[in-house]
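Comments concern the structure below.
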Amino acid sequence: MILQQLQKEIQNAFQALFNHTLPLEKIDFQQTRKEFEGSYTFVTFPYGKITGKRPDETATILGEFLKENVAIIKNFNVVKGFLNLVLEQSVWVKTLANLNNKPVWQNIKKKDEKVMVEYSSPNTNKPLHLGHLRNNFLGYSVSEIMAANGSEVMKVNLVNDRGVHICKSMLAYQRHGNGKTPQDLGIKGDKMVGDFYVKFNDLFKAEVNQLVEAGTEQKRAEKEAPILKEAQQMLLKWEQGDKEITDLWKKMNGWVYEGFDETYKSIGVKFDKFYYESNTYLLGKDIIEEGLEKGVFFKKEDGSVWIDLKDEKLDEKLVLRADGTSVYITQDIGTADLKYRDFPMQKSVYVVGNEQDYHFKVLFLILKKLGRSYSDGMHHLSYGMVELPDGKMKSREGTVVDADELVNDMIKMAKERTGEVGKIDDFSEQEAENLYRMLALGALKYYLLRVEPKKKMLFNPADSIDFQGNSGVYLQYTHAKICAILRKANSDNISHKSDSFESLTALESTEEDLIRLLSDYPIYLNEAAQNYAPSSIANYMYDLAKQYSKLYAELSIFGEENESKKSLRIALSDATAKTLKHAGKLLGIEMPERM
RNA sequence: GGUUCCUUAGCUCAACUGGAUAGAGCAACUCCCUUCUAAGGAGUAGGUUUCAGGUUCGAGUCCUGAAGGAAUCACCA
């Protein structure tokens with residue numbers, strides 16, 4: 001790669017001129033700004049002490065040395081301490097030839113690194129909504145990105161399938177379900193169970209109001225509402241393995257899973273392994289014991305177990321109740337060990353909303369204090385909530401943007417838009433439906449992934465997700481446009497193998513810019529994995545598509561008379577399409593060949 | 001109240017981890033389809049990067065403080 005070569009050349013130059021060895025990883029280039037001539041810029045300000053010269057002098061001396069000794073450097077110019085390097089254009093032709101022969105991502109070596117990514121982790125009471133989509137897309141995408149960077153990745157889903165809240169919907173169903181199944185009602189199983197969860201809340205509120213009217217204090221009423229007590233009772237029975245209750249639980253969860261499966265399939269998200277809290281909620285108690293022995297935890301008079309994190313600017317945190325039952329963090333400690341036994345990973349990523357920042361900080365700290373070898377590789381991929389104009393989404397209140405509905409709406413929009421443009425009249429029904437879905441999901445995924453995860457985002461249902469401009473559809477459109485060109489090149493028998501253009505020595509600036517962008521792809525790929533940031537990929541794709549669109553508008557391909565140039569532009573188109581397709585896959589966005 | 005996070009153009013977001021004159025899309029306005037897909041391209045306008053200090057050759061980015069917003073501080077998960 002060019003940048004690596006340039007790094008070495010700078011290192012040599014420093015050695016020869018200043019008798020100083022710069023470590024390679026410290027040699028950094030940035031893109032030359034458009035208003036100056038050059039491709040890459042080396043900043044010399046930091047090296048004053050080494051060279052003993054002013055930055056602009058250092059830059060000039062370096063530039064002269066490089067021009068003299070390095071074949072690919074054609075020229076240079078110095079602006080203050082910025083050394084702009086102008087490369088021989090044959091370098092870019094050669095770069096494209098290499099790209100053409102072997103895409104850059106095929107050069108990425110397999111790492112000896114296992115990564116587990118936990119995401120989605122739904123609650124079986126709550127049908128998936130827009131916020132969950134952000135989670136699912138992030139988790140899926142981060143997994144794909146790490147895998148593309150050579151890691152072995154395991155995608156897992158930890159399903160929250162037990163607890164009082166589950167009993168609530170079960171109870172509401174017992175009372176008002178009349179034994180109906182989702183098939184009877186003609187709705188998805190997860191939706192039906194979700195409805196009963198909402199139903200419970202209505203019943204609960206009614207009871208609370210009644211109590212308050214009868215003179216009970218609000219807070220007490222909320223604790224003593226009979227229906228709540230009954231739900232708690234039900235949880236006890238469930239824990240004791242009561243047949244009637246567990247049968248109902250299994251039946252209702254079965255419905256939910258069917259619904260979830262359908263949604264996962266529809267949005268193109270997959271998992272390698274499922275964990276269920278009903279299997280893991282008892283884990284972790286033995287580790288509490290271990291922690292007591294190690295002196296990491298301490299016991300209070302009432303028998304409850306705590307950890308003191310005051311030294312870390314955190315508080316004391318309960319890890320086991322006085323009655324010996326576990327809390328949330330107990331089972332998370334246990335599950336962490338379980339996961340490591342199943343898949344001894346170096347990195348473990350938890351894709352969970354930022355309302356649990358504190359929880360994960362504590363969890364990772366505890367595991368570190370317990371001396372778990374894997375604790376250093378743990379990472380909470382924390383993302384901001386998706387908010388509506390009137391505030392947060394609440395499943396309990398029913399104020400959510402439902403995932404299935406949103407996807408369906410967008411498919412409808414894609415269909416309308418495609419109808420207006422009218423380029424796929426010869427598509428079969430099936431092909432057309434595939435395309436609509438591809439476009440709808442592309443728009444949705446891009447919309448959610450292009451934003452840095454930790455930022456909260458606002459979704460206004462009134463103005464729909466873009467099919468224009470900086471959007472997923474723009475990327476897909478660019479890809480489809482290129483495919484048209486490749487089809488024509490193929491039917492006209494125009495070669496774009498590297499020997500058809502390798503002799504070229506001059507390039508248009510748009511061509512050069514595009515080649516540079518293509519060859520920089522691994523940098524973004526690496527950055528995305530390093531920072532768990534699909535947004536890096538998304539933004540790169542946009543830049544790439546934009547750069548190509550510019551070239552497409554400026555330069556004619558089939559109207560070009562010089563055969564070598566024609567071939568080069570086709571090769572450039574091909575490389576762009578392949579890169580878009582590869583990067584799109586990392587975001588879960590499919591690229592159509594026609595649209 | 002403590003802690004953590006956020007604040008960039010009217011709106012939604014970028015900015016290669018401290019680099020040069022802060023960039024895109026949407027919305028507004030001008031142009032460009034008898035030439036490879038106009039779901040596109042070129043342009044105009046829009047900024048004291050919330051504010052006040054500091055660090056240095058250089059700060060949207062780092063440090064301190066302030067303002068506004070969010071989350072969390074449960075023997076819920």
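Computed over heavy atoms, backbone and side chain alike; hydrogens, waters and symmetry mates excluded. Within every chain, numbering begins at 1; the chains are lettered A, B, ... in the order of the sequence lines, protein sequences first and strands thereafter.
With hydrogens and angles left out, the side chain of A:Thr41 and the base of B:rA20 share a donor-acceptor pair within 3.5 Å. A donor and an acceptor atom never sit less than 3.5 Å apart when one is taken from the side chain of A:Asp543 and the other from the base of B:rA15. Contact annotation: side chain of A:Asp302 to base of B:rC75, donor-acceptor pair present below 3.5 Å.
Within 4.0 Å (heavy atoms only), A:Met595 reaches at least one base atom of the nucleic acid. When heavy atoms are screened at a 4.0 angstrom cut-off, A:Leu458 is found touching the sugar-phosphate backbone but no base atom.
Under the Watson-Crick and G-U wobble criteria, each requiring two contacts below 3.5 Å, nucleotide B:rA24 is paired to B:rU12.
Listed by first and then second residue, the side-chain hydrogen bond (donor to acceptor under 3.5 Å, both in side chains) pairs involving residues 438-457 of chain A are A:Tyr446-A:Asn470 (not counting sequence neighbours).
Near RNA chain B, meaning a heavy atom under 4.0 Å from it, residues 44-60 of chain A has A:Phe45, A:Pro46 in order of number.
Taking atom C1' on both B:rG58 and B:rA20, the two are 9 Å apart, rounded to the nearest angstrom.
When the side-chain nitrogen and oxygen atoms of A:Lys546 are compared with OP1 and OP2 of B:rG23, none of them lie within a distance under 4.0 Å. Contact annotation: A:Lys317 does not reach the phosphate of B:rC75 (side-chain N/O to OP1 or OP2, under 4.0 Å). A sub-4.0 Å separation between OP1 or OP2 of B:rC76 and a side-chain N or O of A:Arg321 is present.
Applying the 90° cutoff around 0 to the glycosidic angle, B:rC33 is assigned syn.
Residue-nucleotide stacking is present for A:Phe36 and B:rA20, judged by a side-chain ring centre under 5.5 Å from the six-membered base ring centre and planes under 30° apart.
Out of B:rC36, B:rU72, B:rU4, the shortest distance to the side chain of A:Tyr552 is found at B:rC36.
Here the closest heavy-atom approach between residue A:Trp306 and residue A:Val319 is recorded as N-CG2, 4.1 Å.
Listed by chain and residue number, A:Tyr350, A:Phe364, A:His380 satisfy the ring pair (Phe, Tyr, Trp, His ring centres under 6.0 Å) test with A:Phe360 (two or more places apart in sequence, or in another chain). Under the side chain to side chain donor-acceptor pair (under 3.5 Å) criterion, A:Arg417 pairs with A:Glu420, not counting sequence neighbours. Every residue meeting the side chain to side chain donor-acceptor pair (under 3.5 Å) condition with A:Ser169, not counting sequence neighbours, appears here in chain and number order: A:Asn125.
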Side-chain polar contacts of residues 532-547 of chain A - donor-acceptor pairs under 3.5 angstrom, sequence neighbours left out - could you list them?
residue, atom, partner, partner atom, Å
A:Ser536, OG, A:Glu527, OE2, 3.1
A:Asn539, ND2, A:Ser535, O, 3.1
A:Tyr540, OH, A:Leu517, O, 2.7

